[in-house]
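Worksheet: the structure to be examined is printed underneath.
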Amino acid sequence: MKKLFYILIFSTILGAPSTVVFAQKSYTVVLDAGHGGKDPGNLGNGFKEKDIALKVVQIVGKNLEKHSDINVIYTRNEDIFIDLWKRGDIANTAKADLFVSIHCDSHTSNAYGAGTFVLGLRGNKKNLEIAKRENAVILLEDNYREKYVGFDPNSAESVIGLSLLQEENLDKSLEIASIIQNNFTNDLKRLDRKVKQDNFQVLRETIMPSVLIELGFLTNRNEGAFLDSYSGQHQMGSSIAAAIESFIDHLKLNTVKASNGTRTISKEVKATIENNVGIEYKVQIASGKSLISTEAYNFKGLRDVQRIEVGRFYKYYYGISTKYRDVLESLKEAKQKGYTSAFIVAFKNGEKISVTEANKMD
């Protein structure tokens, strides 16, 4: 479980009050080995996705557990079946800082290479087929129709139409995904299948930065043999662990040094003691790689759409306001125009924060 302790000490020196804030935090990472139990995943060339995913996850976890400030939680640490909703629930209950789901890919061709996915509004036809394969495990769950109302893993409309519970964390998801892909490409010399966005149910269930990794293709005999080997699993697992360590190091930079340079004040505490300045709300209506003109005719008549570039992706915002009640009206208008997956995001002095945090300062 994530630990966060604050101790505030107030003192007066020559009539001037001063405050020192100590912050100590551990970061929780939930590791998810895809498939398991009655769901073997893909069986390209006789290799078992569920076994390879578990072994790589265990290697990642073993590396991370060497750090006293990283708490590792496994959705499964043995060959058992876990519902997709439960995997996300484990991460949400733990209030995790990061969720990483590990899989192996398959294809009718001799395709090869490693790729990393984050949750997104839509994907191309090739990415959609990958999402449909990974989401199809839902059909093995008990009472899946009640758990995933209206969702058909074999329907393109259902896959594309999923609501985006995790979209507020897209920036951080893209950051960790990029680090993972750079490690695969630069350190391990794996073919780079890039960071992509698509609608994986297991990512949809989480409310923190999340990625799904496709280690490679078991249907490619050479790559399958590499992933099924002790050496291949350790190379991939160690590379993923190093990426997560780097990502957590970036999270730590969100602390601000005190005047004496030796103590830190956490970002969470800093937000509560700052004045309410620079709060801005927006409605995110779209996100993707397409560079679209912000003219109203491209956005169903919505005017004053703002486009922001984030890495290789573009985000499109509507209804920018400093008041939450006003942005609620903009959200309603966007949904009426057909942007049913639109949602509110918040910024403070240009830095993205949670809407809940912004409301406390509004």
Side-chain angles (χ1 to χ4, degrees), residues 30-62 74-88 90 99-118 123 126-141 144 153-154 159 177 180-181 184 188 190-191 193 196 198-206 210-241:
V30 173
L31 300 177
D32 174 51
H35 309 280
K38 62 183 178 181
D39 171 28
N42 91 71
L43 300 171
N45 290 303
F47 305 119
K48 289 185 179 181
E49 179 181 3
K50 68 173 184 177
D51 293 342
I52 294 172
L54 179 58
K55 290 175 182 177
V56 172
V57 156
Q58 290 170 334
I59 292 165
V60 175
K62 185 176 181 180
Y74 302 88
T75 59
R76 70 178 182 95
N77 209 0
E78 55 184 322
D79 185 19
I80 57 175
F81 179 79
I82 304 288
D83 293 345
L84 288 186
W85 71 265
K86 183 62 177 176
R87 296 169 189 259
I90 290 170
F99 177 85
V100 178
S101 187
I102 294 180
H103 295 254
C104 301
D105 215 337
S106 66
H107 201 268
T108 54
S109 72
N110 204 33
Y112 64 99
T116 306
F117 289 80
V118 300
K126 184 184 297 183
N127 294 349
L128 178 62
E129 291 306 311
I130 297 173
K132 284 165 65 177
R133 283 200 303 273
E134 299 297 356
N135 290 339
V137 65
I138 289 172
L139 298 176
L140 297 177
E141 298 182 18
Y144 80 89
N154 294 311
V159 174
I180 290 169
Q181 281 301 120
F184 286 163
L188 302 187
R190 311 306 298 172
L191 177 69
R193 298 189 69 88
K196 301 171 184 176
D198 224 307
N199 294 286
F200 290 98
Q201 180 70 25
V202 72
L203 298 184
R204 177 187 177 233
E205 296 292 331
T206 61
S210 306
V211 294
L212 185 146
I213 301 169
E214 296 284 2
L215 298 170
F217 290 77
L218 301 186
T219 44
N220 180 294
R221 186 171 296 278
N222 290 335
E223 189 157 73
F226 170 76
L227 295 175
D228 197 48
S229 70
Y230 176 88
S231 174
Q233 290 163 7
H234 274 263
Q235 287 183 51
M236 298 299 283
S238 297
S239 180
I240 294 168

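Just the heavy atoms: all of them, side chains too, but no hydrogens, waters or symmetry mates, feed the values below. In this chain, numbering begins with 1 at the start of the sequence shown.
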With sequence neighbours excluded, what pairs up with [X] under the side chain to side chain contact (heavy atoms under 4.5 Å, CB included) test?
X      : value
Ser239 : Asn183, Phe184, Leu188
Ala111 : His107, Ser109, Arg193, Phe217
Thr108 : none

Legend entry - Test side-chain contact (heavy atoms from CB on, under 4.5 Å) applied to Tyr230 and Gln235, step by step: CA-CA 9 Å; Tyr230 176 88; Gln235 287 183 51; over 6 Å; no

Legend entry - Under 3.5 Å: donor-acceptor pair, side chain of Asp83, backbone of Lys86: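 No, because the side chain of Asp83 does not come within donor-acceptor range (under 3.5 Å) of the backbone of Lys86.
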
Legend entry - Any donor-acceptor N/O pair, Ser238 side chain to His234 backbone, under 3.5 Å: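 Indeed, once roles are kept as given, a pair shorter than 3.5 Å links the two residues.
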
Inset, instruction - Tell me, with the steps shown, if Cys104 and Asn42 meet side-chain contact (heavy atoms from CB on, under 4.5 Å). - result: CA-CA 7 Å; Cys104 301; Asn42 91 71; 4.2 Å; yes

Inset, instruction - Could you go through the side-chain contact (heavy atoms from CB on, under 4.5 Å) check for Val57 and Asp32 one step at a time? - result: CA-CA 7 Å; Val57 156; Asp32 174 51; over 6 Å; no

When rounded to the nearest 0.5 angstrom, what distance separates [atom1] in [X] from [atom2] in [Y]?
X      : Y      : atom1 : atom2 : answer
Asn45  : Glu223 : CG    : CD    : 11.0 Å
Leu227 : Phe47  : CG    : CZ    : 8.5 Å
Arg87  : Ile82  : CZ    : CD1   : 6.0 Å
Leu31  : Ile59  : CG    : CD1   : 12.0 Å
Ile90  : Trp85  : CD1   : CH2   : 9.0 Å

Compare every heavy atom of [Y] with every heavy atom of [X], then report the nearest pair and how far apart it is.
X      : Y      : answer
Leu203 : Phe117 : CD1-O, 3.9 Å
Ala53  : Gly34  : CB-N, 3.9 Å
Ala114 : Leu215 : CB-O, 3.5 Å
Ile180 : Val211 : CD1-CG2, 4.0 Å

Legend entry - Neighbour count above 12 (heavy atom, 6.0 Å) for Tyr112 OH: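 At most 12 heavy atoms, drawn from other residues, nucleotides or ligands, come within 6.0 Å of this atom.
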
Validation row: [X], [Y] side chains within 4.5 angstrom (heavy atoms):
X      : Y      : result
Val56  : Ile213 : no
His35  : Lys48  : no
Ser229 : Gln233 : no
Val60  : Val100 : no

Inset, instruction - Taking only Lys NZ, Arg NE, NH1 and NH2, and the carboxylate oxygens of Asp or Glu, determine whether Asp39 and Lys50 approach each other closer than 4.0 Å. - result: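 No.
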
Return the set of residues passing side-chain hydrogen bond (donor to acceptor under 3.5 Å, both in side chains) with [X] (not counting sequence neighbours), or none when no residue passes.
X      : answer
Asn222 : none
Thr116 : Gln181
Arg76  : none

Inset, instruction - Assess whether side-chain contact (heavy atoms from CB on, under 4.5 Å) is satisfied between Asn77 and Gln58, documenting all intermediate values. - result: CA-CA 7 Å; Asn77 209 0; Gln58 290 170 334; 3.0 Å; yes

Legend entry - Under 3.5 Å side-chain donor-acceptor pair for His103 and Glu214: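 No - no donor-acceptor pair under 3.5 Å links their side chains.
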
